[in-house]
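Quick notes on the structure that follows.
This structure is a prediction, so every number in the text was calculated from the model and none was measured.
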Amino acid sequence: MRPTTGWQADSATRTLRRVTLERRDLRPDDIAVRVEYCGVCHTDLHALQTHESDANGMLVPGHEFTGVVTEAGSAVVDFSPGDPVAVGNIVDSCGMCRMCRAGQENFCREFPTLTYGGADRRDGSTTLGGYSREYIVSSQFAYHLPAALDAAAAAPLLCAGVTVWEPLQALGVGPGSTVAVAGLGGLGHLAVKMATALGATTSVISRTPDKADEARGLGAQGFVVSTDPRQMEAVRDQFDVVIDTISAPHDLAPYLRVVAMDGTLSHLGHLGPVTVETLELLLGRKKLSSAGSGGRPSTAAMLLFCAEHGITADIELLPSSQVNRALERLARNDVRYRFVLDMSDLD
């Protein structure tokens with residue numbers, strides 16, 4: 001086993017504490033990654049808040065990180081020590097089901113192995129995440145980090161970025177498309193950047209006018225206040241695609257009404273149950289879809305696209321010792337737009 005240092009959940013206090021962790025020895029297809037930067041996702045906050053100590057009490061969050069290869073297994077051909085890499089929220093899948101064969105390991109029928117809180121498919125151990133100085137991962141689920149991307153600001157691309165990238169691609173967003181992004185947070189601000197770079201005419205839908213300047217600074221040409229009935233009526237049936245990144249439960253009807261005929265509302269932010277009146281879909285042959293994370297081909301393509309167009313997350317970089325403060329602020333939505341932890345203080 002390989003000792004490293006990381007931040008482990010204390011289920012009694014719902015906080016993280018610095019501990020020594022053990023990583024597995026390298027398998028032939030593994031690489032060892034020195035984690036440099038790890039994004040802080042709402043999923044991490046939820047995992048910590050709901051964590052119940054198991055026999056080992058092991059929860060180490062973190063599933064969007066960048067780093068450097070320090071060692072490669074005997075069968076690895078695509079990576080060498082010193083290579084900059086990125087790892088997302090999936091580290092294995094069955095590789096055999098229809099979804100995996102289609103390059104959509106994120107939809108693996110047997111459920112993908114998650115970067116933390118999952119069960120290793122070979123030895124059954126609990127996967128421990130990227131809030132640590134070293135991570136051992138199959139080279140098939142690591143990605144070359146383009147030199148054009150800042151390593152810290154690129155970390156959130158591996159979760160938030162690919163989560164919005166996949167529906168934009170699947171729905172054919174490009175020149176001539178009209179796109180609205182509902183919610184301007186960690187997912188939303190990247191959706192605006194990507195939709196704009198794809199050539200779409202892009203707007204932001206937000207509850208208050210406070211973010212209008214920020215939205216335009218990210219590339220949005222339009223801004224709509226969702227609480228203003230006149231503004232919402234003015235864009236009724238207008239958008240080919242609405243990317244809904246709102247994380248709290250909400251009524252989908254107002255957002256379906258601004259979808260154009262044969263357009264799609266892609267519901268990404270809130271993963272709980274929803275209620276939809278069929279007439280909201282019927283009037284205009286509108287569609288409701290969702291997506292989550294990304295497969296290996298899509299993730300690699302997203303990184304190359306972002307490098308070509310200079311797209312990274314807008315981040316606040318903190319030393320990893322401030323992880324509990326970051327999570328506390330995230331719970332209050334006090335971040336613009338993504339926290340990233342600098343893991344170098346774990347040395």
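With values rounded to the nearest 0.5 angstrom, T299 atom OG1 is found 4.0 Å from Y143 atom OH. The structure places CD1 of I205 at 10.0 Å from OG1 of T245, a figure rounded to the nearest 0.5 Å. In this structure, SG on C38 lies 10.5 Å from CG on L346, to the nearest 0.5 angstrom. Rounding to the nearest 0.5 angstrom, the gap separating the CD1 atom in I243 from the CH2 atom in W165 is 12.0 Å. Atom CZ of residue R17 and atom CH2 of residue W7 lie 11.0 Å apart, to the nearest 0.5 angstrom. Atoms CZ and CD, from R216 and Q221 in turn, are 10.0 Å apart once rounded to the nearest 0.5 Å.
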Evaluation steps, side-chain hydrogen bond (donor to acceptor under 3.5 Å, both in side chains), between D345 and S320: CA-CA 7 Å; D345 62 354; S320 78; 2.5 Å; yes
Could you please spell out the steps behind the side chain to side chain contact (heavy atoms under 4.5 Å, CB included) verdict for L252 and H267? CA-CA 9 Å; L252 299 188; H267 185 58; 3.5 Å; yes
Report the C-alpha separation of D120 and T113 in whole Å, then their side-chain angles, then the decisive distance to 0.1 Å, and conclude whether the side chain to side chain contact (heavy atoms under 4.5 Å, CB included) test is met. CA-CA 7 Å; D120 184 273; T113 302; 5.6 Å; no
Set out, in order, the CA-CA distance, both residues' side-chain angles and the distance that settles side-chain hydrogen bond (donor to acceptor under 3.5 Å, both in side chains) for S93 and R296, then state yes or no. CA-CA 11 Å; S93 71; R296 291 187 295 156; over 6 Å; no
Would you please test R338 and C159 for side chain to side chain contact (heavy atoms under 4.5 Å, CB included) and show each step? CA-CA 11 Å; R338 201 75 158 185; C159 176; 4.2 Å; yes
What's the verdict on side chain to side chain contact (heavy atoms under 4.5 Å, CB included) for C306 and L149, showing C-alpha distance, side-chain angles and the deciding distance? CA-CA 8 Å; C306 288; L149 294 177; 4.3 Å; yes
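Under the 4.5 Å side-chain criterion, counting only non-hydrogen atoms from C-beta, P156 is in contact with V340. Side-chain contact between V204 and K211 is absent, with no heavy-atom pair separated by less than 4.5 Å. The shortest side-chain heavy-atom distance between D92 and S138 does not fall under the 4.5 Å cut-off. For the pair S203 and V235, the minimum side-chain heavy-atom distance is 4.5 Å or more. In this structure, the side chains of D123 and R27 come closer than 4.5 Å at one or more pairs of heavy atoms. Looking only at side-chain heavy atoms (C-beta outward), E214 and Y337 come within less than 4.5 Å of each other. With contacts defined as side-chain heavy-atom distances shorter than 4.5 Å, the pair V60/Y116 does not qualify. Using a 4.5 Å heavy-atom cutoff, the side chains of E110 and C97 are not in contact.
Side-chain heavy atoms closer than 4.5 Å link hydrophobic residues (I, L, V, M, F, W, Y) into clusters, and following such links, even through other members, never connects V85 to V162. Both L187 and V179 are part of a single hydrophobic cluster, where members link through side-chain heavy atoms under 4.5 Å apart. Follow the hydrophobic side-chain contacts under 4.5 Å out from M343 and you reach V137 in the same cluster. Using a 4.5 Å cut-off between side-chain heavy atoms of Ile, Leu, Val, Met, Phe, Trp and Tyr, with links allowed through other members, V335 and V181 fall into different hydrophobic clusters. Cluster membership check: F107 does not share its hydrophobic cluster with F141, using side-chain heavy-atom separations under 4.5 Å among Ile, Leu, Val, Met, Phe, Trp and Tyr.
Listed here is the closest heavy atom pair of M194 and L168: CB-CD1, 3.7 Å. Residues P249 and H270 share a closest heavy-atom pair of CG-CE1, 3.6 Å. In this structure, Y131 and V323 approach most closely via the heavy-atom pair CE2-CG2, 3.7 Å. In terms of heavy atoms, F65 sits closest to V33 at CE1-CG1, 4.4 Å. C108 and P112 make their closest contact through CB-N, 3.8 Å (heavy atoms, listed as atom of the first residue, atom of the second, distance). Across all their heavy atoms, A86 and L158 have their closest contact at CB-CD2, 3.5 Å.
A donor-acceptor contact shorter than 3.5 Å is absent between the side chain of D237 and the backbone of V258. Without hydrogens or angle criteria, T127 side chain to G117 main chain gives a donor-acceptor distance under 3.5 Å. At distances below 3.5 Å, at least one donor-acceptor pair connects side-chain atoms of T178 with backbone N or O atoms of Q238. A donor-acceptor pair under 3.5 Å links the side-chain atoms of H189 to the main chain of D314, judged by distance alone. Checking side-chain atoms of D244 against main-chain N and O of I246 turns up a donor-acceptor pair under 3.5 Å. In terms of modelled atom types and a separation under 3.5 Å, the side chain of N106 and the main chain of G295 share a donor-acceptor contact. Although no hydrogens or angles enter the test, the distance criterion places a donor-acceptor pair under 3.5 Å between the side chain of R329 and the main chain of D334. With hydrogens and angles disregarded, no donor-acceptor distance shorter than 3.5 Å links the side chain of S344 to the backbone of D342. Under a 3.5 Å cut-off, the side chain of K286 and the backbone N or O of L256 do form a donor-acceptor pair. Looking only at distances, a side-chain donor or acceptor of K193 sits under 3.5 Å from a matching main-chain atom of T312.
When the shell of 6.0 Å around NE2 of H309 is examined, it contains more than 12 heavy atoms from other residues, nucleotides or ligands. Residue D262 qualifies as enclosed at atom CG: its count of foreign heavy atoms under 6.0 Å is above 12. Atom CZ of R98 sits in a sparse spot, with 12 or fewer heavy atoms from other residues, nucleotides or ligands closer than 6.0 Å. Shown here is R14, whose CZ atom has more than 12 heavy atoms of other residues, nucleotides or ligands within 6.0 Å. The 12-atom threshold is exceeded at CZ of R121, counting heavy atoms of other residues, nucleotides or ligands nearer than 6.0 Å.
The salt bridge (Lys or Arg N to Asp or Glu O under 4.0 Å) pairs that include a residue from residues 126-144 are R2-E134, E36-R133, R133-D347, where partners are two or more places apart or lie in different chains.
With 3.5 Å as the limit, one finds no donor-acceptor pair spanning the side chains of D29 and S139. With hydrogens and angles left out, the side-chain atoms of N89 and S293 include a donor and acceptor closer than 3.5 Å.
Under a 4.0 Å N-O distance rule, the pair E233/R236 qualifies as a salt bridge. Remark: E280 engages R257 in a salt bridge, criterion side-chain N to carboxylate O under 4.0 Å. Salt-bridge annotation for D30 and R23: absent, with no side-chain N of the basic residue lying under 4.0 Å from a carboxylate O of the acidic one.
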